Structure formats: C-alpha cells, structure tokens
Number of protein chains: 2
Amino acid sequence: MLTRHQSVDSGAARNQSSTPDHATTALARTHARAPLVEQEWPTSNWRLIADKAHLYSEGDPRTHVYKVMHGALCLYRLLEDGRRQVIDFAFEGDVIGLGSGRQESCSAQALTATQVSGLPMATLMAAAKTNTRIAEGLYEALSREIVVAQEHLMCLGHRGAAERVATFLVILSRRNEARGLACDVVTLQMSRSDIADFLGITIETVSRTLTKLRGQGLIEIEQITTLRLTRMSKLVALAEGRVRV
Amino acid sequence: MLTRHQSVDSGAARNQSSTPDHATTALARTHARAPLVEQEWPTSNWRLIADKAHLYSEGDPRTHVYKVMHGALCLYRLLEDGRRQVIDFAFEGDVIGLGSGRQESCSAQALTATQVSGLPMATLMAAAKTNTRIAEGLYEALSREIVVAQEHLMCLGHRGAAERVATFLVILSRRNEARGLACDVVTLQMSRSDIADFLGITIETVSRTLTKLRGQGLIEIEQITTLRLTRMSKLVALAEGRVRV
DNA sequence: CGACTACTTGACAAGGATCAAAGTTGGTGG
DNA sequence: CCACCAACTTTGATCCTTGTCAAGTAGTCG
C-alpha cells in the first residue's frame, strides 16, 4: 500500500534543522526529507523505464521498493470509468513502493525515460527486523507520506482552481528547495493532463488558471514546461487560502 | 503525523480471509482491520472526552496513541481562512495518533462523549524496538492509513456530489461490517457539517444529495442520523463511478 | 515541410456555492 | 407534559465557477 517518494533513513538525525516538526503553514513540511542511508541501498538492480512506460501497475505484486535515480514518475490510480487520480509525482532521489500490502496500490508511470534502483521488499524487511534504525526510518517515511496525503486532501477539499494550482506550484517549489535547487523556477516534468488529474480539475482549467496567474504577475511562463514563480509569498497565500484570486 | 484509526497488530495472521490484498473495487479494502494485540494495550490510562471537546489539537505534542473505547471522534485540519478538512472519523475500536512526527498533524474532536485509552508513544516505540511483530504491526497500520487516504483522494478528485456522498455511505457501511454490525444501516454519529467537510462540499449539497438518493430509492432516511442503504449495489456503483446519478 | 500531439482560448451549459427562509429536533424550564 | 428556544437540517432561488465542446495555435518528430 504505498506510493510515496520518501527517504528510508534512520531517523536518528532528523529534525535538526530549524524547521519545526509541525510548521505553522499547511505546506511547510511537505516533502521534507532527510538524507538516505546510502549504504543500505544497492548499487545494482537498476532498471531503465522508457518514456510513458510503467514501472508497475495497480495490483501488481509488490516485489521491490524503488529509488528514482534519474527522471520522474507519476503515481496514479484509476476509477472504473477511466477517470484518473494522480496520487503523487516521484522525482530524483524519491523512494516509492513502500507499504505493507502484497500488491501495489498505485500505478507508476515514467514521465520521461527514468532510471530506478530497486531494493527487494524481502531484503528491506529483513534489514528492518535486525536493524531498529531502519525500521524507524520506514515508519517515519510512511508517516511523512501520510502527512503529504493529508495536505493533498486539504488541497482537493472545497477549494477553487486557483488555490489548487497555486498549491501545486508551491509543492514543486518546496520539493526543489529540499533537493537544493532553485525554488523560484519550477520545471514541469509532467503534462497538463497529469497536473489536472493531480488537482482534480480539467486540463483547460489548469491552462486558464496558469494564464490568469501570469496575468496577475504571480508567475511567468518561460516555456511550457518552465515557470518562474515571481511573488512566491502571494502564491503561498493563495495556496493557504489567505487570499482570493 | 498521523490520524487514522488502525489496529496495531502483529500482522502475522493478516490476510487469511478470502479478501485479496488488492481488491478489484476501490473501496473494498477501506478500513479493513485485523484484531488488535490486546495484551499490548493498557487497561489504565483512560480518558473521557466531553461532547465536542478536543482530545488533542493540531500542533499539540504527540504524547500518546489512543484507542477509542466508546464514542466517536472527528479528525480534521484547518486552513488559515477557517475552512476545515475532515481527514477522517474514528469509531469504537479505532486507533488514532500513530505516526512519527513530534506533533499532532490533526485535531481530534469528540462527536459525542467519548472514552479513549491512551498508550504513551514512548512505551509503544520501546515495545516496537524489542518486538518485531509490533514494529510490523505499526508499519502495516500506517500502510493501511495511506491506502485510506488515497481512497479519500480518489473521492475528492473530480467527482460529483452524488458520488462523494455515496462513497461516504459505503465507507461507513464497510466499517460497520468490519466491526460486525449491520452493513445496510448506518448511524451518522457526525453532523451534516462534518460530512460536508469530509467530502469537500457544503452542508446544503449534502442534504440535497441525500434527498435525491432517497428519491431514487437508494437509501431510506429513517431518522436524521439513521440511514438504511437499500440497493447497496447501486450505491457502490455510484461510489466507483460506474453509474451516473 | 507536414502530420501529430499537446496546449491555449472561446462559448456555452451544468453543477454547486451562496444567500435566504422554512421546517425539525432536542433540550430546558415552566 | 407541554411550550419554547436554539441549533441543526432541509428546501428554494440565484449566481458563479468550472466542465464540456469546439476551434485554433504552437511545438515536435519524422
């Protein structure tokens, strides 16, 4: 049962940064991550997933946990009528496939040619049994995943399109920041359709909303896939519902 | 970082039922739960929470994990502008407060006078360190919580009011079933406002939708707080998006 | 260069939100 | 036991946002 890109670390050194564990803003902790316990991760077992190919699908036996070495993935679930809910995106360094269910709860599709490193579940679980710190790391990774899911819920629960799109941009920015990248420029590795299905709106609304945000000077659209977040504070205010469009 | 009512069990005997781990329907596994490891749970440390009182609030230090002995709780988070997202409801037998963050990520408010039994986090974590089965149980409890959150996301992502309300009713029915209660009669321990904030719609829409479902013979409203789910199969079809209002 | 795909924009309609009011329910005190 | 009150729920009317359908534009790949 799992989906999120989280680090599997010992947790012993977590939260030494100044960021409080429960930050005041809804998005502050999103995707906060601690360094991986690298020695636990195999350097073999790499897999290359072609553009738009699936690493696994909903219902597949859960055999491995994967770390994204390069590229990006989209984690989604389908409704019977074909509608799709994007649960999350996984970028370089993220770990996906955690969880105890015997089958994957989401499908994982590459947004571009993507390289992952797989760690067999059995290996991970055996390690967790003998090493308390790994067990703690797993527990904390899942905990963070739950918080992320909660914040996604906050985003989808009665909120307007502008707030949703702003939230999405802020999330990407924060994840950039967590990986040491610029936080004011986000590269959209996913299509408008992926964004729409993540936010529970249509691609037309995504497009219109981006245009509107640009019109108000909150963002600049450098390329289709590259946005500059001018006025981050306004975006955050929008995302948190403190301000109207 | 945690919210959900899940059992903390050894996990060793899980999934012996005929229910596949990854069921075909989106809602099938929701709230599936295994028997608790009762001997791990203290019989002391009980607390009575008055009607509408809070067991804890978002941001409080996370000191205990609680099991609901009697009554029901509403777990929610607030947006800055006062809007509220109900993350989940906790009923008798559910465990809430799991997660590794040092502070609660949700507020827990009693829907009625509620009795809980608290287990100090430190005790639980110490037990998990020495007992692998408890550690596994925690891991599985969080995993299930993530699946529940994902299904909640599916419910809130682009779906109509009727589908949301149907989903809610099916969830309550399944949770009844899991606790050995009748699955065709659900008792709403929460207000319309709580339901609305759980589903991301307004109380008026909840009310209208229930009336509409009654008009189509999918439910009967015996009292305000008691619904009979006639035609469960249609409700499930609605919840899964296989059918229109 | 042309065909294909993805994105943007426009016009219109549908579904919910909002505002307003009437109807229920449950609790309190006479 | 009943009457009244406050809180909650239902219903109605209208407005607004977003979804839908359709057309046009831009970017990509052969």
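Naming: A, B, ... by sequence-line order, numbering from 1 per chain. These values consider heavy atoms only, across backbone and side chains, with no hydrogens, waters or symmetry-generated copies. Small disclaimer: the values here were computed from a predicted structure and weren't measured.
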What residues form a salt bridge (Lys or Arg N to Asp or Glu O under 4.0 Å) with A:R83, not counting sequence neighbours?
-> A:D81, B:E163
Contact span of DNA chain C against chain B, any nucleotide atom under 4.0 Å from a heavy atom, 5' to 3', runs C:dG16 to C:dT25
Can you list every pair that meets ring pair (Phe, Tyr, Trp, His ring centres under 6.0 Å) and has a residue in residues 210-245 of chain B, with sequence neighbours left out?
-> none
Does B:R244 or B:T205 map to a spot on DNA chain D nearer the 5' end, using the closest nucleotide for each?
-> B:T205
Salt bridge (Lys or Arg N to Asp or Glu O under 4.0 Å) contacts in which one or both residues fall within residues 196-209 of chain B, not counting sequence neighbours = B:R84-B:D197
Please report, rounded to the nearest Å, how far the P atom of D:dT18 is from the CG atom of B:L156.
-> 16 Å
Could you work out which one of D:dC8, D:dT10, D:dT20 sits closest to the side chain of B:R192?
-> D:dT10
Rounded to whole angstroms, how far apart are CD on A:E204 and C1' on D:dT17?
-> 14 Å
Listed in order of residue number, which residues of residues 207-216 of chain B have a non-hydrogen atom at under 4.0 Å from DNA chain D?
-> B:S207, B:R208, B:T211, B:R214
Between CD1 of A:I203 and C1' of D:dT20 the distance, given in whole Å, is 11 Å
Assess whether side-chain hydrogen bond (donor to acceptor under 3.5 Å, both in side chains) is satisfied between B:R47 and B:Q115, documenting all intermediate values.
-> CA-CA 6 Å; B:R47 267 179 73 180; B:Q115 215 146 20; over 6 Å; no
Can you list every ring pair (Phe, Tyr, Trp, His ring centres under 6.0 Å) pair that touches residues 173-225 of chain B, not counting sequence neighbours?
-> B:F89-B:F198, B:H152-B:F198, B:F168-B:F198
Partner residues of A:H54 under the ring-ring contact (aromatic ring centres under 6.0 Å, His included) criterion, sequence neighbours left out | A:Y76
For B:R175 and B:A90, work out which heavy atoms get closest and say how close.
-> NH2-CA, 4.0 Å
Axis bend over the full length of the helix from C:dC1-D:dG30 to C:dG30-D:dC1, computed from five pairs that close each end, to 10 degrees | 40°
In A:V65, A:L48, A:L55, the residue satisfying side-chain contact (heavy atoms from CB on, under 4.5 Å) with A:V116 is A:L55
Residue pairs passing the salt bridge (Lys or Arg N to Asp or Glu O under 4.0 Å) test with at least one member in residues 209-233 of chain A, sequence neighbours excluded, are A:D184-A:R228, A:E222-A:R228
Rounded to the nearest Å, what distance is computed from the CG atom of residue A:L199 to the P atom of nucleotide D:dT17?
-> 19 Å
Could I get the full list of ring-ring contact (aromatic ring centres under 6.0 Å, His included) partners for A:H64, not counting sequence neighbours?
-> A:Y66
Could you tell me the separation between the CG atom of A:L73 and the OG1 atom of A:T114, rounded to the nearest 0.5 Å?
-> 5.0 Å
Summarise protein proximity over nucleotides 23-30 of chain D in one line of letters, 5' to 3': B for base, S for sugar-phosphate only, - for none, counting protein heavy atoms closer than 4.0 Å.
-> --------
Check whether the side chains of A:Q150 and B:S105 place a donor and an acceptor atom closer than 3.5 Å, and report yes or no.
-> yes
Please list, chain by chain and in numerical order, all residues satisfying side chain to side chain donor-acceptor pair (under 3.5 Å) with B:S191, sequence neighbours excluded.
-> B:D194
